[in-house]
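Quick caveat, the model's predicted, so the values are computed rather than measured.
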Amino acid sequence: MPDKSESQSASTPPPDHNADGGVYCPFCDYDMRSRFGRACPECGEVVDEMAMCRARVPWANRREIGWFAGVWRTFRGVTFSSKKFGRAVSQPVDLREALRFRRLVVAVVWLTIVASLVGLILTEVIDLLDDYWFEQFALGWKLAGGVGVGAVLWAWLYACTGLHTYWFHPKKLSIERQNRAVALGYYACAPLLILPLAMLFCAAGLIIYAAGDELGVPSAESAGIIIVGVLGGAPLVAALLGFWSATLSLASRGAGRGVFGLVSLAAGQPLLCVVMAVLIAGLLPVTVGYAALIVMTMT
């Protein structure tokens, strides 16, 4: 005769079941508690039990729904319906997956900014190649300067996408809920994926403006200014405001922050980003000098 405790444990849902008793489709977020069979009644996809018990964050289910869908749905959820996205805190939120998503966002933004700057330098929109002071530096110092600026930019982006999580673990919450809220908070950086669009438009506008200035075509100069100001400025503002707004929404929904906590977060997040920029930029000369020594010893 089978042991009673064994039969009970067999029917007990996995330990990472949703706290409200629900199991959700990773494809469409449909609550499948009343489902019949393994197919989702909403989208028709076949979903296994363990996939439904995992976090509702699409990025965490990217192996089932695909990488592009995982990134796109996470971006869309955080950017356009962050309050609904914050409900994911009721289920397990994997911190490692959240940090991977953060690194992805930082890498995409960093690569876009670096590529735009390199393109502007090579097209001489940023006129460094013909500057006398720039020509005086040896190749090692030039390379070190580029490495130093890139390292500082990466450090600043990485810091700014994690500073806000300090507000995501109030002591009034249980340790488990705090851990979930902090992990969820890292997804607030998703709107920054709009920044590459802003950088590309800004770079294109500056190139058009420089070409118009060189050829003496006022209409091209005006077009370049419009592209930079409108097509480049609008996505830039949208990305920064989206990041700020998503942080507040997830702090309210996921971490249960009240008015005082949200006000301090609203003011503290931009201030800390500025402070980090000053502190990290102050390390630039040291970084450049150290990188130059390495480069010069290798050449």
Side-chain angles (χ1 to χ4, degrees), residues 14-29 31 51-65 69-106 108-109 157-194 239-259 261-262 264-266 268-269 272-273:
D16 58 351
H17 242 278
N18 185 2
D20 63 8
V23 285
Y24 295 88
C25 174
F27 294 91
C28 64
D29 202 33
D31 189 345
M52 291 186 294
C53 294
R54 285 201 298 271
R56 296 168 69 179
V57 179
W59 168 257
N61 298 310
R62 64 190 180 281
R63 292 176 180 83
E64 287 78 24
I65 65 178
V71 174
W72 166 248
R73 293 182 186 181
T74 301
F75 164 78
R76 183 181 61 187
V78 175
T79 306
F80 301 107
S81 55
S82 53
K83 290 186 177 180
K84 180 180 177 181
F85 188 87
R87 293 192 309 213
V89 77
S90 61
Q91 287 180 261
V93 184
D94 193 332
L95 178 61
R96 291 172 298 179
E97 293 289 355
L99 291 175
R100 289 190 184 105
F101 184 82
R102 175 198 184 189
R103 287 194 293 268
L104 172 68
V105 172
V106 171
V108 170
V109 174
L157 288 172
Y158 198 79
C160 289
T161 53
L163 290 171
H164 59 279
T165 56
Y166 171 81
W167 279 267
F168 279 71
H169 50 85
K171 295 182 180 180
K172 65 180 181 180
L173 301 179
S174 65
I175 298 299
E176 180 183 359
R177 179 64 180 262
Q178 289 185 42
N179 292 337
R180 293 182 179 186
V182 169
L184 193 68
Y186 284 112
Y187 288 102
C189 65
L192 293 180
L193 288 173
I194 303 174
L240 297 178
L241 286 181
F243 178 34
W244 183 72
S245 175
T247 300
L248 296 177
S249 295
L250 293 180
S252 174
R253 181 74 180 183
R257 280 293 185 180
V259 175
L262 293 178
S264 64
L265 173 59
Q269 183 187 21
L272 286 176
C273 289

ask   = Passes side chain to side chain contact (heavy atoms under 4.5 Å, CB included), Leu262 versus Trp167? Steps please.
value = CA-CA 9 Å; Leu262 293 178; Trp167 279 267; over 6 Å; no
Contacts of type salt bridge (Lys or Arg N to Asp or Glu O under 4.0 Å), residue Arg102, not counting sequence neighbours =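 Applying salt bridge (Lys or Arg N to Asp or Glu O under 4.0 Å) to Arg102 gives none.
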So does [Y] get a backbone contact from the side chain of [X], meaning a donor-acceptor N/O pair under 3.5 Å?
{"X": "Arg257", "Y": "Leu250", "value": "no"}
{"X": "Ser245", "Y": "Gly242", "value": "no"}
{"X": "Thr161", "Y": "Tyr158", "value": "yes"}

Determine the minimum heavy-atom distance between [X] and [Y], stating which atoms define it.
{"X": "Ala239", "Y": "Leu192", "result": "O-CD2, 3.9 Å"}
{"X": "Gln178", "Y": "Lys171", "result": "NE2-CA, 3.9 Å"}
{"X": "Ala181", "Y": "Gly254", "result": "CB-O, 3.7 Å"}
{"X": "Val78", "Y": "Ala246", "result": "CG1-CB, 3.7 Å"}
{"X": "Cys273", "Y": "Leu163", "result": "N-CD1, 4.2 Å"}
{"X": "Thr165", "Y": "Gly185", "result": "CG2-C, 4.2 Å"}

About how many Å separate [atom2] of [Y] and [atom1] of [X], when rounded to the nearest 0.5 Å?
{"X": "Leu193", "Y": "Arg76", "atom1": "CG", "atom2": "CZ", "answer": "14.0 Å"}
{"X": "Trp59", "Y": "Glu97", "atom1": "CH2", "atom2": "CD", "answer": "7.0 Å"}
{"X": "Leu99", "Y": "Tyr187", "atom1": "CG", "atom2": "OH", "answer": "8.5 Å"}
{"X": "Asp94", "Y": "Arg180", "atom1": "CG", "atom2": "CZ", "answer": "11.5 Å"}
{"X": "Thr74", "Y": "Ile65", "atom1": "OG1", "atom2": "CD1", "answer": "7.0 Å"}
{"X": "Lys83", "Y": "Leu248", "atom1": "NZ", "atom2": "CG", "answer": "10.5 Å"}

request  = Check the pair Arg73 / Glu64 against salt bridge (charged side-chain N to carboxylate O under 4.0 Å, His left out), numbers first and verdict last.
outcome  = CA-CA 13 Å; Arg73 293 182 186 181; Glu64 287 78 24; over 6 Å; no
query = Are Phe168 and Thr247 close enough that some pair of their side-chain heavy atoms sits under 4.5 Å apart?
reply =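 In contact.
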request  = Evaluate the side-chain proximity of Leu265 to His164: yes if any heavy-atom separation is below 4.5 Å, no if none is.
outcome  =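 Yes, their side chains come closer than 4.5 Å.
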request  = With sequence neighbours excluded, tell me which residues meet ring-ring contact (aromatic ring centres under 6.0 Å, His included) with Phe75.
outcome  =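 With neighbours one apart ignored, the set is Trp72.
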key: Full working for ring-ring contact (aromatic ring centres under 6.0 Å, His included) between Tyr186 and Phe101   = CA-CA 8 Å; Tyr186 284 112; Phe101 184 82; over 10 Å; no
